[in-house]
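No hydrogens, no waters, no symmetry mates; every other heavy atom, side chains included, goes into these values. Each chain gets a letter, A, B and so on, in the order its sequence line appears, and its residues count up from 1. None of the values given here were measured: they were computed from a predicted structure.
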Amino acid sequence: MDLNFTEADQAFRQEVIEFLNAELPADISRRVHADLHVSKEDTEFWHAVLHKRGWLTFNWPKSFGGVGWSPVQQFIFEEECAAAGAPRILPFGLKMLAPVLMAFGSKEQQEHWLPRMCDGTDWWCQGYSEPGSGSDLASLKTTAVKQGDHYVINGQKTWTTLGQHANMIFCLVRTNSECKPQAGISFILVDLATPGIEMRPIRTLDGGQEVNEVFFTDVRVPASNLVGEENKGWTYAKYLLAHERNGIANVGISGQKLARLKRLSLSQKRRGKPLADDPLFAARLARLEIELRNLETTNLRVLDEFSKGAGPGPESSMLKIIGSELEQNFDDLTRRALGRQAQAHMPEVFEPGYNGPQVAPQDMANQSAAYFNKRKVSIYGGSNEIQKNIITKMILGL
Amino acid sequence: MDFQPTEERRMLADMIGKFIQNDYPMKARLTAGTSALGYCPEAYSKMAQLGLIGALFDEEVGGFGGSGFDIATVFTELGKGLVVEPLNDTAMTSGYILAHTDQLELVEQIILGQKRVALGLIENGADYDWSAPETLAHQTGSGWQLSGMKTCMKFAHGADALIVSAQTQSAPGISLFLIEAAAAGLSEHSFQTVDGGNACEITLHNTPAQLLGAEGAAYPLIDAAAARATLAVCAEALGVMERIKDMTIDYMRTRKQFGSVLGKFQALQHRVAQMLLEIEQAQSAVINAANDLQSPTDERNRAISAAKYSIGRIGCAVAEEAIQLHGGIGMTWEYDLGHFAKRLVMIDHEWGDQDFHLIRFSES
Ligand SMILES: Cc1cc2nc3c(=O)[nH]c(=O)nc-3n(C[C@H](O)[C@H](O)[C@H](O)COP(=O)(O)OP(=O)(O)OC[C@H]3O[C@@H](n4cnc5c(N)ncnc54)[C@H](O)[C@@H]3O)c2cc1C
């Protein structure tokens, strides 16, 4: 056993760091570090920078224009991007739809959609969940009925992340209701400009706007937008989930939060002394650091298995649970570190030219809102309860 | 031993419940909480007319209550309605200080809802410790002048006067001062709080002020006022948790996934059961604190710290758990739960968080 990164890996890390130093604008990095909602412009700008360098598709296979990095290199890349405060790569197109198209899409679909994801032509959003179908996704009711060379879609999707910026949505739709629910689902690509689609914002508890509901009334979609075979959509959706393990543990983001919290604990005062000297706080922080170290190795162990070609498995559920809870715990402790300052809701301090008083320390004004917002990470992407059901069934065989 | 509330307190609780039902719907609360003042003056004065502020004061100072159980009754009910009105911050707590420093006229106006007095004890917003203010008071020919700052003063915007702590040159301890809102050299920066409501940063520059009580001798009075304030937010949290629990159980009875209501999944049943027993423990902690509010200082403070620690730990867990059990709907602004959860978590940031009180308990 050798837990050290190879020399090549270390050189690679240096290359990533140099790239980030040169290309990531300080104002974007500041907003990301402050846990503000990342704007459409910032995301598009960063995608373009990565695209130019050929790294936007870092997790794609080489045959489709990927860079051919090892899982460990991908891990290093994500870790350094998080540490530097780079906007997250928008997952819906590049990390979710792309692997499905590569595995199950037609050649025409691949040639048409994949380049548009990279050059910023399309902003994809994910249309899986419905009001009545969250954890029980297979019960979804939005229908697609074939009429000539079109499908006609009726129904509603919800919780559509950043749908307000999107021009395309990939949907799971019901094409057969006469069978086992899973066997009647199809995977289809829909242009959001098609008549009959209405998108309405849903405000989240922190006051932000990042999710939407999408209503479909007699929406006519070309049949050529169906991915793979009709009624096989469930298989594709599951494939997508199982392939989404890289980065799912969010080790880089938690690492960055640990570093920030350590800095904060030196400058914040509790009972007149640095917060770092408060024995209960110190114990809380130590616990999280230990868990993060453990997770780093768990994550690398899973990636190692992956690189040896082990097929898609339920390990991603493990990483999702531990990673999301750890990220939430860092946000929780950051909120605690702020003491009374955590009560202040002052988004105005991030506006250009603001020079009024700051209640929380520099760039920490959004931390309570972020804490509440991050309750989502144990709910979306298959809730942690559902992940435990998967582990129980697939790993434990119970 | 008798755990039943008295007839009067039952009636008081009923009355508050009716007020909330008729005059304080969630929509009104959200509007009030995000307004410039952070509360609703009409609702506030109606509550004063109903005697809700009077219930928080002793008879000797013009109220008709003021015991630990009166405070617990009022604030638990207010918590159930997520009432954002500053009865704790600018009436009960500051009023208690004024009542014990011979300002009975002002106390009367507070009880009638005609005046509000904000309280500023904290200068470093990261800290919960109020025992060593750096704001300086110096004597001038005509009286006192204060220079310094206070942070996170809840509902100070629009208040008629402020009470702030300071040190003086001649006496080693803490002193308290009363400042008119319009006093010279006072500037205010007002901001919204995450859970709805308002707070202010206050700076003072040679601001004229009136000494309250004896110079350097305010520590025990602040300590007693803080105990009441802490009891109030603990009781409020209890009411908030009560509602969160009800909402969660209702939701689990109606929301269906996999062909069954959520409440049929055993993994979830156990979690709500756990939530229930934690809330029962929190309630006992609040009863203990209410019972010991009049006890000797050490006993009182132990019970208060025990309650605030319990409320802090359990409150955060209940807020997080309830959102999780609701799934996506719990993350939305439209659904009430999120607002209850935000208040519950933010209560841990008032008057000392769970760690602060755990240490204070262990050291006492
Ligand atoms: C911020 C945010 C962004 C999202 N973005 C998207 C998006 O872009 N696209 C998209 O399609 N969806 C998105 N989602 C939806 C997300 O995937 C769902 O919220 C999630 O699948 C849970 O479904 P639900 O909200 O309906 O909760 P429910 O399924 O109703 O679950 C409620 C609770 O019950 C638990 N539960 C349910 N069934 C079981 C069981 N059998 N055993 C034990 N526990 C159970 C759940 O874990 C949860 O705690 C988003 C959600 C959020 C909050």
Side-chain angles (χ1 to χ4, degrees), chain A residues 129 131-136 138-139 158-159 202-208 211 264 267-272 275 278-281 283-284 328 332 335-348 356-361 368-369 371-373 375-376 378-380 383-385 388-389, chain B residues 34 122 124-129 131-132 149 151-152 154 189 191-197 199 201 203 255-260 262 265 267-268 271 316 319-320 323-335 337-339 341-342 345-346 348-356 358-359:
Chain A
S129 306
S133 305
S135 298
D136 183 12
S139 69
T158 191
W159 310 123
I202 301 175
R203 197 170 173 207
T204 46
L205 83 172
D206 57 319
V211 285
L264 192 62
S267 56
Q268 295 287 88
K269 290 270 173 3
R270 202 57 58 86
R271 292 160 188 276
L275 183 57
D278 180 290
L280 294 180
F281 182 86
R284 285 182 191 275
Q328 288 177 330
D332 171 70
R335 167 179 66 69
R336 288 173 199 279
L338 292 178
R340 290 206 69 137
Q341 297 158 347
Q343 291 184 307
H345 180 60
M346 299 174 77
E348 63 269 21
Q358 308 228 359
V359 176
S368 279
Y371 157 81
F372 288 109
N373 181 274
R375 301 316 306 168
K376 70 189 176 189
S378 51
I379 295 172
Y380 67 28
S383 74
N384 285 14
E385 290 73 25
K388 282 182 186 166
N389 287 349
Chain B
T34 51
I122 299 286
N124 179 343
D127 211 335
Y128 297 109
D129 184 12
S131 68
M149 60 82 67
T151 188
C152 302
K154 286 204 80 184
H189 180 82
F191 57 89
Q192 230 182 66
T193 57
V194 178
D195 48 348
E201 302 284 284
T203 51
R255 171 70 172 172
K256 274 192 176 167
Q257 288 293 278
F258 302 102
S260 145
L262 296 180
F265 298 123
L268 303 186
R271 286 166 60 175
C316 291
E320 292 178 356
I323 292 173
Q324 182 68 23
L325 292 173
H326 273 80
I329 191 83
M331 285 294 303
T332 64
W333 185 275
E334 291 313 314
Y335 190 73
L337 173 72
H339 301 289
K342 283 187 285 184
V345 172
M346 282 302 124
D348 197 30
H349 291 262
E350 290 184 12
W351 300 105
D353 70 358
Q354 53 187 290
D355 287 359
F356 183 88
L358 188 58
I359 291 180

Please look at I202(A) and chain B and tell me whether the side chain, the backbone, both or neither of the residue comes under 4.5 angstrom of a heavy atom of that chain. side chain
At a heavy-atom distance under 4.5 Å, which candidate from C152(B), G338(B), G330(B), A132(B) has the highest pair count against chain A? C152(B)
E201(B) side-chain N/O to V359(A) backbone N/O, donor-acceptor pair under 3.5 Å: no
Under 4.5 Å from a heavy atom of chain B, the part of N389(A) involved: neither
Specify the closest pair of heavy atoms between D355(B) and L280(A), including all atoms of both residues, with the distance to one decimal. O-CD1, 3.5 Å
Please flag which part of Q192(B) lies under 4.5 Å from any non-hydrogen atom of chain A: side chain, backbone, both or neither. both
Apply ring pair (Phe, Tyr, Trp, His ring centres under 6.0 Å) to H345(A) and list each qualifying residue two or more places apart in sequence or on a separate chain. none
Segment of F356(B) engaging chain A (4.5 angstrom heavy-atom cut-off): both
Which bit of I323(B) comes within less than 4.5 Å of chain A, counting heavy atoms only: side chain, backbone, both or neither? both
Supply the atom-to-atom distance K342(B) NZ to Y371(A) OH, rounded to the nearest 0.5 angstrom. 12.5 Å
Using modelled atom types and a 3.5 Å cut-off, is there a donor and acceptor pairing between side-chain atoms of T204(A) and backbone atoms of M331(B)? no
Chain B contact via P361(A) - which portion, at a heavy-atom distance below 4.5 Å: neither
With rounding to the nearest 0.5 angstrom, report the CD to CD1 distance, Q324(B) to I379(A). 5.0 Å
Based on non-hydrogen pairs under 4.5 Å, which of F258(B), Y335(B), Y128(B) is most in contact with chain A? F258(B)
At a 4.5 Å cut-off on heavy atoms, which part of D353(B) comes close to chain A: side chain, backbone, both, or neither? side chain
Portion of D127(B) that has a non-hydrogen atom of chain A nearer than 4.5 angstrom: both
I'd like to verify something: which residue of M346(B), H326(B), E334(B) has the highest number of heavy-atom pairs under 4.5 Å with chain A? M346(B)
Is there a side chain to side chain contact (heavy atoms under 4.5 Å, CB included) between D206(A) and V194(B) once you walk through the steps? CA-CA 8 Å; D206(A) 57 319; V194(B) 178; over 6 Å; no
Please check if the side chain of H349(B) supplies one atom and the backbone of G339(A) the other of a donor-acceptor pair under 3.5 Å. yes
Region of T151(B) that comes under 4.5 Å of a non-hydrogen atom in chain A: side chain
Among L268(B), D195(B), V345(B), who wins on heavy-atom pairs under 4.5 Å with chain A? V345(B)
Look at K388(A), R336(A), Q268(A), R375(A) and state which one has the largest set of heavy-atom pairs under 4.5 Å with chain B. R375(A)
Taking side chain as everything from C-beta outward and backbone as N, CA, C, O, which of these in R335(A) sits under 4.5 Å from a heavy atom of chain B? Side chain, backbone, both or neither. both
Got a sec, which residues hit side chain to side chain contact (heavy atoms under 4.5 Å, CB included) with S139(A), two or more places apart in sequence or on another chain? S133(A), D136(A)
With a 4.5 Å cut-off on heavy-atom pairs, point out which of G208(A), G356(A), G132(A) contacts chain B the most. G132(A)
Under the criterion side chain to side chain contact (heavy atoms under 4.5 Å, CB included), I'd like the reasoning laid out for E320(B) against D332(A): C-alpha separation, chi angles, the key distance, then a yes or no. CA-CA 10 Å; E320(B) 292 178 356; D332(A) 171 70; 3.8 Å; yes
Run the side-chain hydrogen bond (donor to acceptor under 3.5 Å, both in side chains) test on S135(A) and E385(A) for me, step by step, so that the C-alpha distance in whole Å, both residues' side-chain angles and the decisive distance to 0.1 Å come before the verdict. CA-CA 9 Å; S135(A) 298; E385(A) 290 73 25; over 6 Å; no
Which portion of Y380(A) sits near chain B, non-hydrogen atoms under 4.5 angstrom: neither
